[in-house]
Every structure is written in structure tokens, then in C-alpha cells.
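Remember, predicted model here, so these are calculated numbers, not experimental data. Letters A, B, ... mirror the listed sequences (proteins, then strands); counts begin at 1.
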There are 2 protein chains.
Amino acid sequence: MERDQAEELRALQDTLYFIGGKWRVPVINSLCNGNRRFREIERSIPGITTRMLSKELKDMEMNKLVTRMVYNDTPVLVEYEPTPYCRTFGKIIQEMINWGRDHRKKVIQKK
Amino acid sequence: MERDQAEELRALQDTLYFIGGKWRVPVINSLCNGNRRFREIERSIPGITTRMLSKELKDMEMNKLVTRMVYNDTPVLVEYEPTPYCRTFGKIIQEMINWGRDHRKKVIQKK
DNA sequence: GTTACCAGTATACTGGAGTATACCAGTTAA
DNA sequence: TTAACTGGTATACTCCAGTATACTGGTAAC
């Protein structure tokens, strides 16, 4: 029981570390929604800057969450594809969306 | 579909905003695990400082996530009780624990 | 009488996440 | 030919989340 709690906390903190900053989860979500091109992803997340998206995608590529594919059509075409592993995070995202929706309802009620 | 995606993103970002920093989720988790006293919660989350826990609990009290109860026994006894609303976050936490566990397995395999 | 618990507060500091803005080289459409 | 798209990079700045450390006033055990 002591043991369990410590192990659960570690797992929890690993996930939180993975989530990291402000943009990782929205980016994963955008990819899972089928957005593939850089500007397309950028547009799907109002507020994100080019710089942050670029950083995020690079980092995710390094961590095998996304595959960057370059097609040498002219003009150059770049596509980002979420890996199957990336998609395993989808369940948590769905829970987050649901909770956020209920939360908003609750906050609006209060007013 | 456009519409949906924007609404989902908002809900998602609300949840992420709620999660906020490094310690909110571990604190909720600790409370949901039955920890009630200040030092008890503190001990259950290695690495957290008194200051951060204090801030977190104050903030959570303001947002009705926790009830601070003072018993005027001598010495003064203080207990923090998670509200039912706080507990609704438990499902996400459980998903996070599960995902973190699998993630760790995967990372260890790689080495 | 000193050590250790409780429930915190006070002060000072810093790294880096996130922002803002401008820019590049190439392509297409009006 | 000028504007607007693509997929980004470069530079500079700011702010605050989180850290570190010390302290308080009361109780209790040794």
C-alpha cells in the first residue's frame, strides 16, 4: 500500500513530465485529428507560435511520437504523421476533453 | 467538424489550464488516496516544498477543490478534505497512472 | 533543556518556457 | 510584379513557476 502509492506517484509524474508544457497535448490532439501539414497544424491551434510548434514537432520527432515525411514534389511538401505510440495518448486526451467540457458547464452555471 | 475541433480544443485547454503546474495533480492524487494532514500530504509527495504545497492548497481551497478543516484540539489539528468535485478528476488521474506505467515499461525495454 | 513534531510564513533568487517580431528561399496565382 | 502561400529559422526579451533556506510559535516527549 505504501509501496503502491509511491509507484503510482512515479507513473503519474512520468505522464505529467511527458505532457510537459502548454502545447504538447494540443499538438498531439491536432495530429490525431488528422492534421498533417505544418501550417495546417499551426492554424488548428490558435495562439501557438511558429517557433513553439517547430520546437514541439522536433522534440516529438526525436521521441518517436511523430514521423516527419518530406515529399520532393515541387514545392517541397512536408507531412507529420503521429506514430501508433503517440496515438496511445489519445485516451487520456479524450478524458481531458470530456472533463474540460463538464468543467466549463459547471463554471458557467456558477455565474 | 471544424466547429467540433475548436470546441474540443477549448475543452482540452481548459483541462490543461486546470492542471496548471507541476504539483496540482500529485496533490489531488494524494488527497484522493486519503492523506489529510499537511505534513502527511507533504511526505507523500517527495520533492514538493512546504511553500508549494501551501500555495497549492490555498489555491485549491479558493477553487472549492478542497475543504480546510481546523479542529481546535490542542495542539491545533488541520485537515484537508477533497470535495466531490475534486474527486471527479480521479478518472483522468487513473488514466495518467496507467499510461505512465506503460510508458515506463516501454522506455525500459528500449535500453 | 534540547530535540522533534505540527502547520505553516517570509524572503530572495533563477532558469527556461513562452512571447514577439522579423526574416528566408522557393512557388504559385491575380 | 506584387502579394500570399509554403516550411520553417534567428534573435531578443520577459515573467513567473518552482527552488532554497531560514524562521515562527506552540506542543510534547526524552
Exercise. Of the candidate nucleotides C/dG8, C/dT19, D/dG8, which contains the atom at the shortest distance from the side chain of A/Lys22?
Worked result: C/dT19
For this session: May I ask you to verify if any side-chain N or O of A/Arg24 is less than 4.0 angstrom from the OP1 or OP2 atom of C/dG18?
Result: no
For this session: Could you check how far NZ of A/Lys58 sits from C1' of D/dG8, rounded to whole Å?
Result: 8 Å
Problem set entry | Pairwise 5' ranking along DNA chain C for A/Thr50 and A/Gly21, keeping only the more 5' one | A/Gly21
Exercise. Atom CG of B/Leu16 to atom C1' of D/dA17: distance rounded to whole Å?
Worked result: 17 Å
Problem set entry | Under 3.5 Å donor-acceptor pair, B/Arg51 side-chain atoms to D/dT19 base atoms | yes
Exercise. From C/dT19, C/dG8, D/dG8, pick the nucleotide closest to the side chain of A/Met52?
Worked result: C/dT19
Exercise. In whole angstroms, how far is the P atom of D/dT6 from the CG atom of A/Leu77?
Worked result: 11 Å
Exercise. Within less than 4.0 Å of OP1 or OP2 of D/dG8, is there a side-chain N or O belonging to A/Tyr80?
Worked result: yes
Exercise. Should the ring pair A/Trp99 and B/Phe89 be called parallel, tilted or perpendicular, given that the plane angle runs from 0 to 90° and is split at 30 and 60?
Worked result: perpendicular
Problem set entry | Residues in side chain to side chain contact (heavy atoms under 4.5 Å, CB included) contact with B/Asp14, at least two apart in sequence or another chain | A/Arg104
Problem set entry | OP1 or OP2 of D/dG8 under 4.0 Å from side-chain N/O of A/Ser54 | no
Problem set entry | Whole angstrom value for the distance that separates C1' of D/dT19 from CG of B/Leu53 | 15 Å
For this session: Tell me, with the steps shown, if A/Asp102 and A/Lys106 meet side chain to side chain contact (heavy atoms under 4.5 Å, CB included).
Result: CA-CA 6 Å; A/Asp102 292 352; A/Lys106 208 209 157 200; over 6 Å; no
Exercise. Tell me: CD1 of A/Ile48 to C1' of C/dA17, nearest whole Å?
Worked result: 13 Å
Exercise. Counting side-chain heavy atoms from C-beta on, which of C/dG8, D/dA28, C/dT19 comes nearest to B/Pro75?
Worked result: D/dA28
Exercise. Rounded to whole angstrom units, what separation is found between the CZ atom of B/Arg37 and the C1' atom of C/dG8?
Worked result: 13 Å
Problem set entry | Short side-chain N/O contact to C/dT9 OP1/OP2 from B/Lys55, under 4.0 Å | no
Exercise. What's the verdict on side chain to side chain donor-acceptor pair (under 3.5 Å) for A/Glu42 and A/Thr50, showing C-alpha distance, side-chain angles and the deciding distance?
Worked result: CA-CA 7 Å; A/Glu42 192 177 22; A/Thr50 311; 2.8 Å; yes
For this session: Write down the distance between CZ (B/Arg36) and P (C/dG8), rounded to a whole number of angstrom.
Result: 15 Å
For this session: Nearest whole angstrom, please: distance from the C1' of D/dC5 to the CD of A/Glu42.
Result: 12 Å
Problem set entry | Contacts of type ring pair (Phe, Tyr, Trp, His ring centres under 6.0 Å), residue B/Tyr17, not counting sequence neighbours | none
Problem set entry | Nucleotide nearest A/Arg43 (side chain, heavy atoms from C-beta), chosen from C/dT19, D/dT6, D/dG8 | D/dT6
For this session: Using the closest heavy atom to pick a nucleotide of DNA chain C for each, name whichever of B/Val76 or A/Gly20 lands nearer the 5' end.
Result: B/Val76
